[in-house]
Amino acid sequence: MADYKPQTVEKKWQDRWRDARAFEVTEDPKKPKFYCLEMFAYPSGHAHVGHVRNYMIGDVVARMKRMRGFNVLHPFGWDAFGLPAENAAIKNGTHPETWTLENIAHMKGQLQRIGISYAWDRELATCLPGYYRWNQWLFLKMLERDLAYRRRSSVNWCPSCNTVLANEQVINGECWRCGSTVTTRELEQWFFRITKYADELLAAAESLDQWPEKVLTMQRNWIGRSEGARLKFDIVPAAGVPAAGSIEVFTTRIDTIYGANFILLAPEHALVQEWARAGGEAFQAALKKFQGQDRTARMTGEIEKEGFDTGRTATNPFTGQPVPIWVANFVLGEYGTGAVMGVPAHDQRDFEFARKYQLPVTVVIRPKDGGAPASDILTEAAESDGVLVNSGPYDGVASDEARARLTGDARKRGIGEGTIQYRLKDWGISRQRYWGTPIPVLYCDKCGMVPEKYENLPVVLPKIAEFSGRGDSPLAQIPQFVDATCPQCGGAAKRETDTMDTFVDSSWYFLRFCDPHNERVPFDPKTVAYWGPVDFYSGGVEHAILHLIYSRFVTRVFRDIGMTTLDEPFSRLLTQGMVLNTGQVMSKSKGNVVDPDDMIQQFGADALRLYVMFVAPPEKEIEWTDAGLEGSWRFLARVWRIVDQLSETIGGEGIPAPGSQQLNDEERALRRKTHETIKRVTVDLDPRVHLNTAVSGLMELVNELYAFCNRSRCLVVGRSTEEDARVGVIERAGTVAVLKEAIEALVLMLSPFAPHMAEELWEALGHTGGVVAAGWPAFDPEVAKASEVTVPVQVNGKVRARLLVPAETSDEALRALVLADLQVAKHVEGRTIIKVVIAGAGPNRLVSIVVKT
RNA sequence: GCGAAAGUGGCGGAACUGGCAGACGCGCCGGACUUAGGAUCCGGUAGCCGUGAGGCUAUGGGGGUUCGACUCCCCCCUUUCGCACCA
């Protein structure tokens, strides 16, 4: 063999893998399955190291699982619809499809050069009709089940992307993609009824014990379950306004009802709109001002709480007292009923509001263990639970009990009921853009909204020659697309011209991977029954409440359609850390991206993979350093050299197993290290996925191998003179046997990290069939057992001595040995021994002596 | 403001359920081999005291539990992330 030349080696094995279709799999009921998946990629152009870190992590897991005998599904695909393609089209005049497919081709090449072991036969791209027709299929199924519906509503609008955004896609009032400040618009939109699953999604989060707690917390908060009650306040008929009606509020604190001193309505509330028309100029001006202060205006800091007295009153249903009705800018129209009862004594916002407008403050909750504070000395609201006061028949009742009783009484009187409120809202999926899945419905003058027939799917996205970038749906400008036949009556109809949110595409692609070429159905349920759920899923935490909640929802929809029995799509989730360079996230605009191809050219894909895996745990962010990469390269070259020099000796036929040999102490020690390493690396990879410590375990073994070879003079190291060249003669059969075992275990365990080099070395060691056929090395606990162990001895908590004793020394004997030890005696001398603790068991014992002066 | 996670050498990071703090790597220092070495092999590297053996101090700070605490509990500080008027 020659020097380590990664470029040659890597090309060789990548070609072989491709030609052998090495990572393609079929369902095999005889083997345990393992579905390993990384979040598929948006084909933005060039993948940088930050992107590919995730694929490397998944690849280590996939390759390791394959070696451990699993039937591993490890597919990849492209989240290929979306705005950047369209923006590029507007800017450069290239068609989005051309732009996208070219990017896919380039990025696929990048991934192959990194040596990611994907089943490329299952590759999919969401922009192809063969994929998106099933989005349309899913849409129609959801329409049938009333899970998709259309309504006019106020929606988030990104003025830069010229489209609607779902709530999940508005981050701090800004567009998740471009960062523009989001405004609102009234539009007729399609929604998916995710709220129907709110309770289930929340409850099932408890079962996701292999998800990061952080992601689950974010999802729980996003779903935002609140138990409370709806309660009606009758409006007091005003002069000249006979039709009074009532206002329904939502509250979680019905126990404070006797302190409800006013009603607050959101500016968007229907009654406010109605009253404003009849109201004076001041009313309308105030309303206009409040409506200008939408959610986004609040991001920079708290806006002041302001209100406007409508001049009307309602009756508190429990006190019977009239309470004024105000409009307040901090009441949200889209949450609950858009109306709240103001309880200034026990809600901080209401308190501030009451102080500002000199509204009365009635204390109705007294702390369990203290007196009732008088309202005029309140400096802030008392929001804690307590005992009711000033509450008529409910006086003296504790808050939690009062909530139950008051809710029950309200129900009996027909003025309210207990209810559960969620923050989660339905998923708006209409997008006023071109590069997405056409929504398969038509509008017929006679029949109204008509779904496209299943047999007419896909509704193909027409080619557009030019992109103007204007605000309305580009599809609306193509008469050939818009003008169609009504599937119901055969008359003229117009197609829906909005396309679907691309998160629809990504909410089920992991199911499609199980059966990616099926032309009859989205997937054969049998395939998902075999492969599902995804056992290991990795990707960025930025999808915690986007993709990850949509996927959980859509998986349940497929379940309810009868396509799968899965509740949850992903058993284990790993959110990988980002790659920083010069302290910042890699991005083209910051000019700090590291292109994997550049690194591969210099150091090879294996060194790049090893470095990224070694530098930090997968969940943590890492700071890119060239020196670190070089260090990994050095390690690989070190492995290469030692295998190179030993391969002739240990690679031949008929070398006996080390267990059948007479071994000396040195040889036994090396064997022990080999098996300790097997155990450690195995556990670090599976189940811990501590890839960085797994690598350091391998480094230790290599260091030990070098030390062993230097001591036994069986290796030519660091020199090339004639005299030294004669050194590398191994005389003992035992030495050959233990070296062979160590080297082979090393190469096999290294292979998930540095697959090309490992295959090359494995071949050089005389094996055909590759590392997967060889399997993961087996751990022998007998071999790993040490005959002698070091026992630390503490005196008053400080380690004062270490004793080397036979491993099987009894606790009693150990105690005697310790007390007889000179080093120990020095610290015990002249003091009274209070007790001697022998902690731990077996080889991990420790002696702790407590003395008193 | 609320919630979560985290704070360990010059740096990235180890330490699994309380049991030898600093594995492994980077960097740095030294040695060997060399015409040379930024290659390679070997050794050293938390701080302080000491020639040495050894000792003292150290896991953000302060308390506590324990024979024993990076690990558990309480208070405080800092950082990062998430939520941000959800009634």
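Nothing here was measured: the structure is a model prediction, and the numbers come from that model. In what follows, chains are A, B, ... by sequence order, proteins preceding strands, each numbered from 1.
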Once you round it to whole Å, what is the distance between [atom2] of [N] and [atom1] of [X]?
X        : N     : atom1 : atom2 : answer
A:Glu704 : B:C24 : CD    : P     : 11 Å
A:Leu698 : B:A23 : CG    : P     : 18 Å
A:Asn167 : B:A84 : CG    : P     : 10 Å
A:Glu630 : B:C28 : CD    : P     : 11 Å

With sequence neighbours excluded, residues passing salt bridge (charged side-chain N to carboxylate O under 4.0 Å, His left out) with [X]:
X        : value
A:Glu700 : A:Lys673, A:Arg680
A:Glu788 : none
A:Lys232 : none
A:Arg800 : none

With both distances under 3.5 angstrom, what nucleotide forms a Watson-Crick or G-U wobble pair with [N]?
N     : result
B:C56 : B:G47
B:G1  : B:C83
B:G19 : B:C67
B:C41 : B:G31
B:A36 : none
B:G7  : B:C77
B:A14 : none

side-chain contact (heavy atoms from CB on, under 4.5 Å) with [X]: which residues, sequence neighbours excluded?
X        : result
A:Ala786 : A:Arg672, A:Val789
A:Lys826 : A:Gln823
A:Gln210 : A:Arg572
A:Glu227 : A:Arg225, A:Ile420

What residue pairs, at least two apart or across chains, pass side chain to side chain donor-acceptor pair (under 3.5 Å) with a residue in residues 835-849 of chain A?
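Listed once each, the pairs are A:Asp811-A:Arg845.
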Within less than 4.0 Å of OP1 or OP2 of [N], is there a side-chain N or O belonging to [X]?
X        : N     : answer
A:Arg638 : B:C42 : yes
A:Asn710 : B:C42 : yes
A:Arg634 : B:C41 : no
A:Tyr422 : B:C86 : no

Options B:U40, B:C42, B:A87, nucleotide nearest the side-chain atoms of A:Tyr706
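Looking only at heavy atoms from C-beta outward on A:Tyr706, the closest nucleotide is B:C42.
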Can you name the one residue among A:Tyr357, A:Phe290, A:Phe308 that meets ring-ring contact (aromatic ring centres under 6.0 Å, His included) with A:Trp326?
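Exactly one option meets the ring-ring contact (aromatic ring centres under 6.0 Å, His included) with A:Trp326, and it is A:Tyr357.
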Can you name the nearest heavy-atom pair linking A:Ile257 to A:Asn316, along with the distance?
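Of all heavy-atom pairs spanning A:Ile257 and A:Asn316, the closest is O-ND2, 2.9 Å.
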If you restrict it to nitrogen or oxygen atoms, what contacts under 3.5 Å exist between nucleotides 10-15 of chain B and the protein, and what is each distance?
{"from": "B:G12", "atom 1": "O2'", "to": "A:Val615", "atom 2": "O", "distance (Å)": "2.8"}
{"from": "B:G13", "atom 1": "OP1", "to": "A:Lys620", "atom 2": "NZ", "distance (Å)": "2.9"}
{"from": "B:G13", "atom 1": "O3'", "to": "A:Asn692", "atom 2": "ND2", "distance (Å)": "3.4"}
{"from": "B:A14", "atom 1": "OP1", "to": "A:Asn692", "atom 2": "ND2", "distance (Å)": "3.3"}
{"from": "B:A15", "atom 1": "OP1", "to": "A:Arg688", "atom 2": "NH2", "distance (Å)": "3.4"}

Salt bridge present between A:Lys679 and A:Glu676 (N-O < 4.0 angstrom):
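A:Glu676 and A:Lys679: not salt-bridged.
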Do any N or O atoms of the protein come closer than 3.5 Å to N or O atoms of nucleotides 81-83 of chain B, and which pairs are they?
{"from": "B:C81", "atom 1": "O2'", "to": "A:Lys214", "atom 2": "NZ", "distance (Å)": "2.7"}

Taking atom P in both B:G18 and B:C70, what distance in whole Å separates the two?
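Straight-line distance between the two P atoms is 13 Å.
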Name the nucleic acid region contacted by A:Gly631, choosing base, sugar-phosphate or nothing; use a 4.0 angstrom heavy-atom cut-off, strictly under.
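A:Gly631: backbone/sugar contact only, no base atoms under 4.0 Å.
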What does nucleotides 52-69 of chain B look like as a protein-contact string, B for base, S for sugar-phosphate only, - for none, at under 4.0 angstrom between heavy atoms?
---SSS---------BS-
